[in-house]
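Side chains included, hydrogens not; waters and symmetry mates left out as well; all remaining heavy atoms used.
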Amino acid sequence: MNNLIKMPVILIGNSFKYETESTLKMFFPTRKFQFSDDIQNATGDDFVVAGVETGKIYTDIKLNGETFHSERNIPTTDDKYTEHELCRIIYHVLKEKIKVNTPWGLMTGIRPVKKVTELLAQGKNFPEIEKILTEKYELSPEKLKLAYDTAVNQLPIVENINRKAVSLYISIPFCPSRCSYCSFVSHSIESAGKLIPDYVQCLCKELEIISRIISETGTEIDTIYFGGGTPSAIPAEDILTVMECVRKNFDLNKIREYSFEAGRPDTITAEKLHIIKEYGADRISINPQTLNNDVLKVIGRRHTADDTLKAYELARKEGFRNINTDLIAGLPDDTPESFRNTLDKIIDISPESITVHTLTLKRSSNLFAQGEENIYNPVAEMVDYSIEKLMNNDYQPYYMYRQKNTVGNLENIGYARKGYESYYNIYIMDETQTIIGAGSGASTKLVYPDNRINRIHNYKFPYEYISDFDRLMTKKEEIIQCLKKINS
């Protein structure tokens, strides 16, 4: 099977491209697909035909020259039902022929917990939820229980979301270097450092504009989140400039949570931590990803395990009492034993929350180009260990999301000790509060009173953001109209 050649996918009598591709991605995470509606394109050693006829769905799948057929009658013409059942027969053929772990079954969306919370809102109990979701998605009992526990843990926060308030995301899209697994819009200091002064100037202008919109519409800010990139990668004086701008333009007395993703330990200094704390942030992330120095080198990180521990100690000395630490299961050259060692050491230093990501092969990352050699690793063993170990040490799952191309078809989970759940992380997943994004690569998610959602994207790259700043700011009118509606 040649991953460099696009696999033909022929849709006959339907246009179910998105869900079909999502289903295929479970089994071919590094393949690219060529979609068409012409059966003449069903050529080569590998292809998929997904067809809908009156009262019938069918698939013909050719793998390594051998063709497999499946079909069934369906009693309805409802498109959503037909789409789901068509993906089901594709799923079953591939699951039989390709031995790939699919613990989430047919559930392809990035927000599995939302499906549980929707059923909880209808008054369903666990056995009822288990029956509904198992029948529809065929997910494993372990993942169903994990999604249910996560939903229950975040429910008190979800039920108390202030839907008339908004959260503010501030993007600092710079990093010391680009990690091999990274797909974020981030730029190394070495190549883009000269842009930082102009970027900071424009970012502060945008924050001032957002502040005026907030004031004119009578809106409150609920949470603030500095993300990236690595926000602490920029010089201390630039961190000071941006955070001073935030304090000047927004009422921090009403903020429920102010997070700063300090990120990579080699960017964290006592001076930067002092500024971050002094200017209002009460929650930070220190993200080693692993404490295995050999793995850190492989993924392009320039820090060591000792640097992580020193950064953590500096943060505690500065007075931070809400620290998150990010880890990644399934990194290249990592082993279950090494991952267990990392997690155990992180638990020993006792951060308030720990987020366990599963390696995802994004197309814009360097790892994606290496293809299948990164797919087959014992990531499931690592993730299973993290679930049991963290929950046995008083860390409970409180938010979760999934991504395409995730190794092992697994998930990303945020764990926290009671009272330290991140509001912002839950808001991102729950999609019930407007989030205004500032800076390049940031997006604004407008949530209207009728639950309609619209997204406005800033320019991806800092040079675009700087050069076309005035044109970009003309997009703010829709934000004004949305905030007026949610505060009316």
Side-chain angles (χ1 to χ4, degrees), residues 109-126 129 133 143-170 219-227 250-261 280-285 320-326 351-357 387 390-391 393-402 411-437 444-449 451 453 483 486-487:
I110 68 171
R111 296 177 174 85
V113 175
K114 281 200 78 172
K115 297 188 183 301
V116 178
T117 54
E118 287 167 0
L119 293 171
L120 285 170
Q122 296 172 24
K124 306 291 186 185
N125 58 29
F126 177 73
I129 292 171
L133 296 184
K143 295 307 178 188
L144 174 65
K145 183 63 164 60
L146 185 62
Y148 178 81
D149 288 344
T150 305
V152 169
N153 288 332
Q154 69 176 225
L155 201 57
I157 293 174
V158 170
E159 290 178 339
N160 288 287
I161 290 177
N162 184 350
R163 297 170 191 270
K164 292 191 173 184
V166 300
S167 288
L168 176 64
Y169 176 83
I170 302 169
T219 306
E220 292 183 4
I221 296 286
D222 195 5
T223 73
I224 298 175
Y225 193 102
F226 271 82
F250 301 97
D251 184 359
L252 300 187
N253 292 320
K254 296 181 180 179
I255 303 296
R256 284 207 285 181
E257 177 182 274
Y258 191 163
S259 298
F260 193 102
E261 196 168 314
D282 55 9
R283 180 182 183 273
I284 62 169
S285 285
F320 285 98
R321 295 294 175 262
N322 190 351
I323 300 177
N324 173 75
T325 299
D326 277 11
E352 281 65 37
S353 58
I354 299 172
T355 306
V356 179
H357 299 273
I387 295 170
L390 286 163
M391 293 178 75
N393 281 273
D394 297 325
Y395 292 95
Q396 297 301 314
Y398 76 94
Y399 92 104
M400 175 196 300
Y401 66 100
R402 300 183 63 224
E411 66 284 329
N412 308 297
I413 309 178
Y415 297 86
R417 289 190 164 139
K418 190 67 176 175
Y420 291 98
E421 301 85 355
S422 168
Y423 291 100
Y424 179 85
N425 286 336
I426 292 174
Y427 295 169
I428 281 284
M429 291 300 110
D430 191 67
E431 295 189 305
T432 51
Q433 187 185 80
T434 288
I435 296 175
I436 299 176
T444 292
K445 183 188 296 181
L446 300 175
V447 182
Y448 286 83
N451 293 322
I453 294 174
L483 297 192
I486 67 176
N487 283 286

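- In this structure, Y258 and F226 have parallel ring planes: the angle between them is below the 30° cut-off, well short of the 60° mark.
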Q) Going through the distances and angles, do I413 and L390 end up as a side chain to side chain contact (heavy atoms under 4.5 Å, CB included)? A) CA-CA 11 Å; I413 309 178; L390 286 163; over 6 Å; no

Q: Determine, step by step, whether Q396 and D149 satisfy the side chain to side chain contact (heavy atoms under 4.5 Å, CB included) criterion, reporting the C-alpha distance in whole Å, the side-chain angles of both residues, the deciding distance to 0.1 Å, and the verdict.
A: CA-CA 8 Å; Q396 297 301 314; D149 288 344; 5.9 Å; no

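- The two atoms that bring V166 and L483 nearest to each other are CG1-CD2, 3.6 Å, heavy atoms only.
- What you find for S167 and Y427 is that their closest heavy atoms are OG-CD1, 3.5 Å.
- Side-chain atoms of E352 come within 3.5 Å of backbone atoms of I323 as a donor-acceptor pair (strictly under, hydrogens ignored).
- Here the shortest heavy-atom pairing between I453 and K445 reads CG2-CG, 3.7 Å.
- Taking each heavy atom of E431 and I428 in turn, the nearest pair found is CG-O, 3.6 Å.
- Of all heavy-atom pairs between P397 and Y415, the closest is N-CD2, 3.6 Å.
- Between the side chains of S285 and D326, no donor-acceptor pair of N or O atoms lies under 3.5 Å.
- For the pair D430/I157, no side-chain contact is recorded, criterion being any heavy-atom separation below 4.5 Å from C-beta on.
- Under the 4.0 Å criterion applied to side-chain N and carboxylate O atoms, R417 and D394 are not assigned as salt-bridge partners.
- Put simply, the residue from D282, T223, D222 that forms a side chain to side chain donor-acceptor pair (under 3.5 Å) with R256 is D222.
- The two residues V152 and P156 have their closest heavy-atom pair at O-CD, 3.5 Å.
- Interatomic distance, CD1 of I387 versus CE of M391, reported as 8.0 Å (0.5 Å rounding).
- Looking at heavy atoms from C-beta onward, R163 lies in side-chain contact with T432 at the 4.5 angstrom threshold.
- Note on ring orientation: taking the six-membered ring where Trp is involved, the planes of Y401 and Y399 are parallel (angle under 30°, cut-offs 30° and 60°).
- Formation of a donor-acceptor pair under 3.5 Å by the E261 side chain with backbone atoms of Y225 is not found in this model.
- Note that the CG atom of L120 and the CD1 atom of I129 stand 4.0 Å from one another [nearest 0.5 Å].
- Distance check: D251 CG to I221 CD1 gives 10.0 Å after rounding to the nearest 0.5 Å.
- Inter-residue side-chain proximity for I426 and V158 is flagged as met; some heavy-atom pair is nearer than 4.5 Å.
- Distance check, rounded to the nearest 0.5 Å: CE of M400 to OG1 of T150 gives 3.5 Å.
- Judged by distance alone, the side chain of N425 and the main-chain N or O of E421 form no donor-acceptor pair under 3.5 Å.
- The line from OH of Y398 to OH of Y420 is 13.5 Å long, rounded to the nearest 0.5 Å.
- In this structure, N322 CG and S422 OG are separated by 8.0 Å, a value rounded to the nearest 0.5 Å.
- Contact check for K143 versus P112: no side-chain heavy atoms found under the 4.5 Å cut-off.
- Checking side-chain atoms of K164 against main-chain N and O of T219 turns up no donor-acceptor pair under 3.5 Å.
- A distance-only check finds no donor-acceptor pair linking the side chain of T325 to the backbone of I354 [under 3.5 Å].
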